[in-house]
Structure formats: structure tokens, C-alpha cells
Enquirer: 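Questions regarding the structure given below will be posed in turn.
Every chain is numbered from 1, with letters handed out A, B, ... down the list of sequences.
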Protein chains: 4
Amino acid sequence: MNRQKMNTKELIARTAMELFVEKGVTETRIRDIASAAGIAEGTMYRHYASKDELAWELFSTNLEAFGLELDRVQKEHSTPRAKLDAMIHHFCRAFDEDWVLFSYLLLSRHGHSKKVTPDMVNPVDVLRRTIADGMEGGDIPKGDPDVATSMVLGLILHVADSRADGGIEQSLLSLSETLSAASWRVLSG
Amino acid sequence: MNRQKMNTKELIARTAMELFVEKGVTETRIRDIASAAGIAEGTMYRHYASKDELAWELFSTNLEAFGLELDRVQKEHSTPRAKLDAMIHHFCRAFDEDWVLFSYLLLSRHGHSKKVTPDMVNPVDVLRRTIADGMEGGDIPKGDPDVATSMVLGLILHVADSRADGGIEQSLLSLSETLSAASWRVLSG
Amino acid sequence: MNRQKMNTKELIARTAMELFVEKGVTETRIRDIASAAGIAEGTMYRHYASKDELAWELFSTNLEAFGLELDRVQKEHSTPRAKLDAMIHHFCRAFDEDWVLFSYLLLSRHGHSKKVTPDMVNPVDVLRRTIADGMEGGDIPKGDPDVATSMVLGLILHVADSRADGGIEQSLLSLSETLSAASWRVLSG
Amino acid sequence: MNRQKMNTKELIARTAMELFVEKGVTETRIRDIASAAGIAEGTMYRHYASKDELAWELFSTNLEAFGLELDRVQKEHSTPRAKLDAMIHHFCRAFDEDWVLFSYLLLSRHGHSKKVTPDMVNPVDVLRRTIADGMEGGDIPKGDPDVATSMVLGLILHVADSRADGGIEQSLLSLSETLSAASWRVLSG
DNA sequence: AATGAATGAGCGTTCATTCAT
DNA sequence: TATGAATGAACGCTCATTCAT
């Protein structure tokens with residue numbers, strides 16, 4: 001993140017997200033954000049109506065963008081296996097490129113996940129649809145697609161989580177194939 | 001949980017844990033706990049020095065107990081495969097018996113997980129040791145035990161998580177074999 | 001006002017009213033009330049939900065009580081003239097006994113007067129009804145009762161106002177007959 | 001008020017006064033004034049040093065102008081009765097022509113009235129002097145001129161107040177003679 | 001042991017004011 | 001002269017904690 005090129009709103013967004021991931025939304029003070037961003041406390045309110053709106057906009061906007069990217073990635077491939085591999089690769093790259101954003105969207109437990117409406121594009125849905133389609137098409141043994149998705153997603157995200165808190169040292173991209181292979185074995189039950 | 005048989009301290013502990021899981025520790029007020037437990041606001045301080053100490057004691061005590069149980073369960077079996085199956089079965093039963101406690105220990109993102117010292121018995125370590133031993137003994141293909149543990153744990157916990165928030169309807173015990181099989185396939189990479 | 005005998009809620013009510021009259025509601029800070037009452041800032045919120053609720057309860061409760069008293073006073077007399085005299089006497093006594101309360105109810109320009117619902121007993125209505133009845137009964141020359149009420153009330157309240165800010169030095173009770181006579185002459189148009 | 005012909009300073013003055021009357025000075029934000037006037041927030045400070053100075057200049061300038069007009073009106077007549085009638089007529093016309101200005105000067109309870117120095121010409125003084133002179137000259141029965149002035153002024157202003165908030169529907173000019181007659185009866189005590 | 005009124009530091013937010021453009 | 005983003009002191013209010021009963 002090149003803080004030099006950022007305008008004030010982007011600077012606030014980025015700084016806030018880092019603190020939100022580090023300490024949690026509730027535990028992050030407006031004063032923390034302001035001082036970390038080098039701005040006055042009141043400045044945030046010129047760009048966001050409230051701390052809650054800031055946290056929500058950060059979440060919903062980026063989640064949808066990530067969901068759309070993931071969907072685009074999936075569309076570039078034809079078989080379920082290729083789609084899954086590409087999506088996992090995309091998860092890994094996204095984590096390595098910006099683990100703070102990745103954590104805020106997929107690993108944090110702010111209450112915002114509950115507020116995602118079904119009409120919003122959503123990475124979890126994209127993954128689930130691919131798995132469900134694979135089951136229908138016969139490429140993946142039939143089973144409960146929710147359970148299958150949950151297992152695969154847990155497998156991936158928990159590794160990301162371990163990487164984020166230091167329990168794992170490799171880059172996610174270097175683990176991409178391991179994760180793909182493991183996910184596929186999970187699905188070949 | 002039979003609230004009739006509880007003494008005040010147990011009542012506080014249980015009520016607090018339910019609220020901690022439902023809303024998060026920071027978001028739970030002493031007043032919430034007191035009114036849900038039917039006691040006065042000041043009463044908690046007869047039993048715990050502070051809200052933080054309450055949250056920590058709830059976490060550390062129960063985590064260690066869970067770790068010890070898991071270790072006992074693992075010891076009852078001799079092969080890595082049997083150990084793993086038994087542990088996953090234990091995870092599932094623990095969830096089904098008390099998903100609030102399970103969530104507080106293994107799914108919540110209070111900062112307390114960072115405070116577990118290496119000397120404390122800890123479910124994650126128990127699982128990791130079994131996997132590492134399996135790799136050393138040749139029952140599990142060699143690989144990074146941290147990554148392997150993370151994948152298996154993520155697979156299990158994320159399913160528990162989905163069950164807790166309604167995304168999955170089955171009991172965990174009914175999914176126990178599915179989870180065992182999938183975990184084993186993950187490890188047979 | 002004997003501050004010794006007051007409980008905390010009464011103390012807050014009284015202190016707040018004095019400051020509200022002196023400086024206005026918006027201009028009075030919670031910290032002003034707390035320090036003038038010798039309590040902590042948070043204590044007010046144990047007794048009133050907000051500053052606004054405090055200002056409103058102070059207004060509505062006392063206004064209704066004053067309206068009821070005025071109505072009782074009016075009922076003790078049979079002719080419009082006697083009713084009017086008694087009411088004016090009551091206004092004067094009320095002012096002399098507690099000019100702060102009188103000012104808060106009848107001379108201040110907090111926006112609360114606009115929120116009085118028609119079902120609340122209200123001193124202005126009591127006065128208006130007496131005047132309107134007098135016009136119907138032939139004791140007061142017919143005219144617009146709203147205008148008549150407004151003139152009489154203005155005459156009385158503005159003298160009270162002058163007394164409150166030092167422009168007039170006499171007690172209102174000593175001016176009671178002057179005000180009665182003047183009011184009656186206004187109505188005998 | 002023809003907003004087209006106004007320069008920026010006049011536009012600010014007028015817009016501010018309307019909002020001050022509608023909501024009170026403290027309750028009116030610079031942002032309210034700016035957006036209602038269609039100017040930027042900082043622009044006010046090119047013309048007035050502060051919000052307070054704006055409120056004060058609006059008050060003091062116009063109050064003195066109004067006092068001077070009232071004095072001129074009074075001087076055009078020779079008897080106390082004629083002077084009083086003419087002044088009341090002037091009050092009524094002034095209200096009907098610009099009730100916002102009238103309200104700001106004579107009905108509002110911004111703290112500015114307390115800051116009028118004795119050397120400033122002032123409508124209340126003009127009225128009081130006429131009444132006092134009438135008492136000295138024998139045209140008005142002797143009495144306390146402050147009390148008499150307060151009664152007459154209250155009578156008039158409270159009717160204006162009722163008209164401003166909708167309690168009375170007639171124009172003040174149409175009530176001018178009623179107010180004159182009533183005032184004179186008040187003074188003939 | 002239990003109570004609940006009282007405390008006050010610290011929060012999110014507002015808004016009069018400044019100043020680079 | 002006009003702009004509007006930025007400022008930061010000060011506000012109303014919350015809530016973990018204390019303590020007299």
C-alpha cells in the first residue's frame with residue numbers, strides 16, 4: 001500500500017482496516033485511527049458517517065469486489081477441478097498480496113458477515129456454487145454441498161489464519177498446490 | 001446446563017459465556033450478564049476480579065480441561081488413524097453436548113488464544129502431536145505438520161462454525177465419519 | 001428549596017432547572033449540572049435517560065401540576081371576575097414562591113412548549129377557558145378569546161419576566177391587584 | 001425579502017436570522033446557514049468574525065434602527081395617547097412586514113438582550129419614556145412606569161408571539177386598534 | 001455474600017473555526 | 001472574495017468498577 005499516493009479517504013480506510021484486523025473493530029478507537037493516519041479525529045466524519053459505517057463499507061465493498069474477482073477467475077476454467085484450483089490459487093495470491101484485507105474480509109469476526117444480503121456477490125457463494133455444480137455434473141461425488149464447501153473453505157482459511165498469526169511461515173502461494181490437492185481429496189470422498 | 005443446581009459463581013460463568021459467544025466479550029456488558037443471571041451488578045466482583053479475569057478464567061480453565069480430555073481420548077488408541085478418528089469424534093460430541101462452550105474455546109476471536117502459554121495443555125497441540133507422530137512413524141506421508149494440522153483443524157472447526165450459525169443443519173456427531181474420512185484423505189497427501 | 005432533604009433525583013432536577021433557566025437548556029452542560037449538584041456526571045443517567053428527557057420531564061410534569069392547581073383555584077370561585085382575580089393571584093404567588101420553576105414553565109423558550117399535547121392540562125388553556133366562558137355568559141364583552149387570552153397572559157407574564165431580570169423590584173404578590181385590575185380593564189373592551 | 005438583489009453579506013444576514021428565529025442561535029449551525037444560503041461554510045467568516053458576532057450585529061443594528069424609527073413615529077404626535085397609538089400601529093406594521101426580524105428583536109430569548117447598553121436607542125426605552133412622560137404630564141394616572149410599560153409591552157408582544165406561532169390568525173395590523181384600546185385601558189388604571 | 005447507587009475515565013461524535021487553494 | 005477539507009476542543013453518554021449498606 002503506497003500511502004503517498006492515497007487521498008485522505010483511502011488513507012483512513014487503509015489505516016482503519018489495519019487496526020480493525022489487529023485489534024478488532026470495537027477495540028479500535030477513532031483516536032487510534034486518527035493518530036495512526038496522522039489526521040485529526042473529526043476528519044474521519046467528513047468521509048464516513050460513523051465508525052460503524054466505515055467498518056461496514058470497508059467490508060461490503062471489498063467483499064463484493066473479491067467475490068466478483070473470484071467469479072471471474074472461476075469462469076476462466078471449464079472443469080470443476082480447474083475452477084477449484086484457480087480459485088484456491090486466487091485465495092493464496094490475494095492473501096499474499098494483502099493479508100490485512102484478506103483477514104478483514106474472511107478471517108475476522110466482526111458482526112458484519114451476518115449483514116451480507118443474498119443479492120450481494122460473495123466469495124463463499126462462488127465457491128459453493130462451483131462445488132454444487134461439480135456434484136451435479138458428476139465430477140465430484142454427491143454429498144451435502146454445504147458441508148463440502150465448509151470443509152474446503154475451513155481447510156483453506158485456517159491455513160491462512162495460521163500464516164497470519166505466525167504459526168506457519170510459508171507464503172500461501174507456495175502452499176497453493178498443497179491446498180488444492182488436499183481440497184480435492186476432501187471432495188473426492 | 002441445569003441452572004437450578006448452580007451456585008452463584010457457576011451461574012455467572014455460564015451466563016457470561018453464553019453472552020460472550022453470542023455478542024463477543026467486549027460487546028457484553030457487566031449489566032447484561034447481571035440481568036441475564038438475575039443478580040446484582042456488583043455481585044460478579046465477589047467471584048471474579050474483573051470482566052477480563054472472568055473471560056480469561058472461562059477460557060483457560062475449560063481449554064485445559066478440553067485438552068486433557070482430548071489427550072485421554074487419544075491415548076485410548078494406538079494407531080494414528082484410530083487416534084484421529086477418536087479425537088474427531090470427541091470434537092463432535094463436545095460440540096453437540098455444549099456448543100456454547102465449544103464455540104467459546106475454539107471458534108471465538110477474543111484475544112485470549114494469544115495468551116495460552118506453551119506449558120498449558122491445549123487441544124491444538126494434542127492434535128498436532130498426533131499428526132507429527134504419525135508422520136514420523138510413517139503412517140502419515142511426511143509433510144509440514146503445522147500445515148497439516150491447520151488444514152485438518154480448519155476443516156473440522158469451520159464445519160462446527162457453520163453448524164453454530166445455522167448454515168448446516170446436521171448434528172456434528174452425524175457428520176463425524178464424514179469429517180474423519182475427509183481429514184484422513186487430507187493427511188494422505 | 002431545602003437541598004438537605006432532597007434525594008439525588010430531586011437534587012438533579014432542581015439544580016438542572018436552575019441552570020436551564022439561567023443559561024438555557026442547550027447552553028447548560030451535563031458537567032455543569034453535575035458539578036453544581038456535587039455529583040458525578042454519570043449519576044444523572046441513573047435517574048434520567050438523557051438530558052433531553054430531563055428537560056422534558058421537568059417541564060411536562062410541573063406544567064401539568066401547575067395547570068391542575070390553577071384549575072382548582074378557578075373552580076373555587078363562581079364569577080369570571082372572581083376566577084380571574086384568583087388565578088392572577090395564584091400566578092403571583094407561584095412566582096414569588098419559586099420564580100425559577102415559574103420561569104422554566106412559562107417564560108423560557110426551550111422548544112418543549114411545542115410538544116405539549118392537547119390532552120395535557122395546561123395553564124394557558126385554563127385561563128382561556130375562563131375567558132371564553134365569561135364571554136359566552138355575558139360577563140365579558142364578546143371578542144376573540146384567543147386574542148383576549150394572549151393579551152392578558154402577556155400582560156402578566158411580561159411583568160413576571162421583568163421582575164425576574166431585575167427591571168422591576170416589587171414582589172409579584174404586591175402587584176397582584178394591579179395586574180388583576182389591568183387584566184379586567186383589558187377584557188372590558 | 002428579495003434574495004436576488006442581496007449581496008453575500010446581506011444574504012448571510014437574512015438567512016441566519018431566519019434560522020435563528022426558527023431554531024434558536026445555539027441550535028443553528030454554521031453549516032445550516034451556509035447550505036440554506038447556498039454558500040460555502042467558510043464564507044461567513046469573510047463577513048463576520050464569528051457566529052456570535054453575526055448574531056449580535058444582527059440584533060444590535062436592527063434593534064437600534066427599530067428604536068430610532070419608533071422614536072421618529074412617536075415624535076410625529078403630541079399627546080401621549082396619539083404617541084402610544086402610533087407606536088402600537090408601528091409595532092403591528094413592523095410585525096406584518098417582517099415578522100422574522102420582529103421576532104428576532106423582540107420575541108427571541110437569545111442572551112443578547114442583556115448586552116444592550118443604556119446608551120443605545122432601544123424600543124423599550126422609547127415606549128417607557130412616552131408612558132413616563134404621560135404620567136408626569138397628567139395624561140396617564142400616576143403609577144410605576146416600569147410596571148406600566150411592562151404590562152403594555154407584554155400585552156402587545158405576547159399577541160405578536162401568538163400570531164407568530166399560529167395561535168392567532170389575524171394580521172397584527174387588523175388587531176392594531178384592539179391593542180391600542182386595550183393598552184390605553186391598562187394605563188388608565 | 002449480595003446489593004445497586006455512585007463514580008469518572010474514556011468513548012463516538014459534533015461543529016465553530018482555520019487556511020491552503 | 002470564496003471554497004470546503006481539515007482541525008481539535010468539547011460535548012452527551014457509557015460502562016467497568018467501587019463501596020456503604
Enquirer: With pairs defined as Watson-Crick or G-U wobble and both distances under 3.5 angstrom, please note down DNA chain F as a dot-bracket string, | for pairing with another strand.
Expert: .||||||||||||||||||||
Enquirer: Whole-Å distance between F:dC11 P and C:D52 CG?
Expert: 16 Å
Enquirer: Could you state the atom-to-atom distance from CD of C:E53 to P of F:dC13 in whole Å?
Expert: 10 Å
Enquirer: Summarise how protein sits on nucleotides 4-9 of chain F as a single string, 5' to 3': B when a protein heavy atom is under 4.0 Å from the base, S for sugar-phosphate-only contact, - for no contact.
Expert: BBBBB-
Enquirer: For the side chain of B:I30, counting heavy atoms from C-beta on, which of E:dC15, F:dA16, E:dG12 is nearest?
Expert: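 Given the options E:dC15, F:dA16, E:dG12, the side chain of B:I30 is closest to F:dA16.
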Enquirer: Quick one, B:N62 with B:M17, criterion side-chain contact (heavy atoms from CB on, under 4.5 Å). Give me CA distance, side-chain angles, the key distance, then yes/no.
Expert: CA-CA 11 Å; B:N62 287 297; B:M17 194 189 287; 3.7 Å; yes
Enquirer: Between B:D165 and A:K114, does at least one N-O distance fall below 4.0 Å, as a salt bridge requires?
Expert: no
Enquirer: side-chain contact (heavy atoms from CB on, under 4.5 Å) for B:T15 and B:I39? Distances and angles first, verdict last.
Expert: CA-CA 11 Å; B:T15 308; B:I39 58 168; over 6 Å; no
Enquirer: Expressed as a whole number of angstroms, how long is the span from B:K51:NZ to F:dT17:P?
Expert: 8 Å
Enquirer: Taking atom C1' of F:dA10 as reference, at what distance in whole Å does atom CG of C:D32 sit?
Expert: 12 Å
Enquirer: Who are the side-chain hydrogen bond (donor to acceptor under 3.5 Å, both in side chains) partners of B:T26, not counting sequence neighbours?
Expert: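 With sequence neighbours excluded, B:T26 shows a side-chain hydrogen bond (donor to acceptor under 3.5 Å, both in side chains) to A:E27, given in chain and number order.
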Enquirer: Using modelled atom types only, decide if a donor and an acceptor are shared between the side chain of A:S108 and the backbone of A:V21 within a distance under 3.5 Å.
Expert: no
Enquirer: A:A49 or A:R29: which one's nearest nucleotide on DNA chain E is closer to the 5' end?
Expert: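 Final value for this comparison: A:R29.
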Enquirer: Output the rounded distance in Å from CD (B:E27) to P (E:dC11).
Expert: 15 Å
Enquirer: What about C:H110 and C:F59, are their ring centers closer than 6.0 Å?
Expert: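 Yes; C:F59 has its ring centre under 6.0 Å from that of C:H110.
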Enquirer: Could you tell me how far apart C:Y45 (OH) and E:dG4 (C1') are, to the nearest whole angstrom?
Expert: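 My rounded result for the distance is 20 Å.
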Enquirer: Below 4.0 angstrom, N of the basic side chain to O of the carboxylate: do D:R14 and D:E18 qualify?
Expert: yes
Enquirer: Could you tell me whether D:K51 sits above the aromatic face of D:Y45, with NZ or CZ closer than 6.0 angstrom to the six-membered ring centre and within 45 degrees of the axis?
Expert: no
Enquirer: Indicate, with a heavy-atom threshold strictly under 4.0 Å, whether D:T28 touches base, sugar-phosphate, or nothing.
Expert: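 The answer is sugar-phosphate, as D:T28 gets under 4.0 Å only of primed atoms, P, OP1 or OP2.
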Enquirer: Examine the side chains of C:D119 and C:T117 and answer whether a donor and an acceptor come within less than 3.5 Å of each other.
Expert: yes
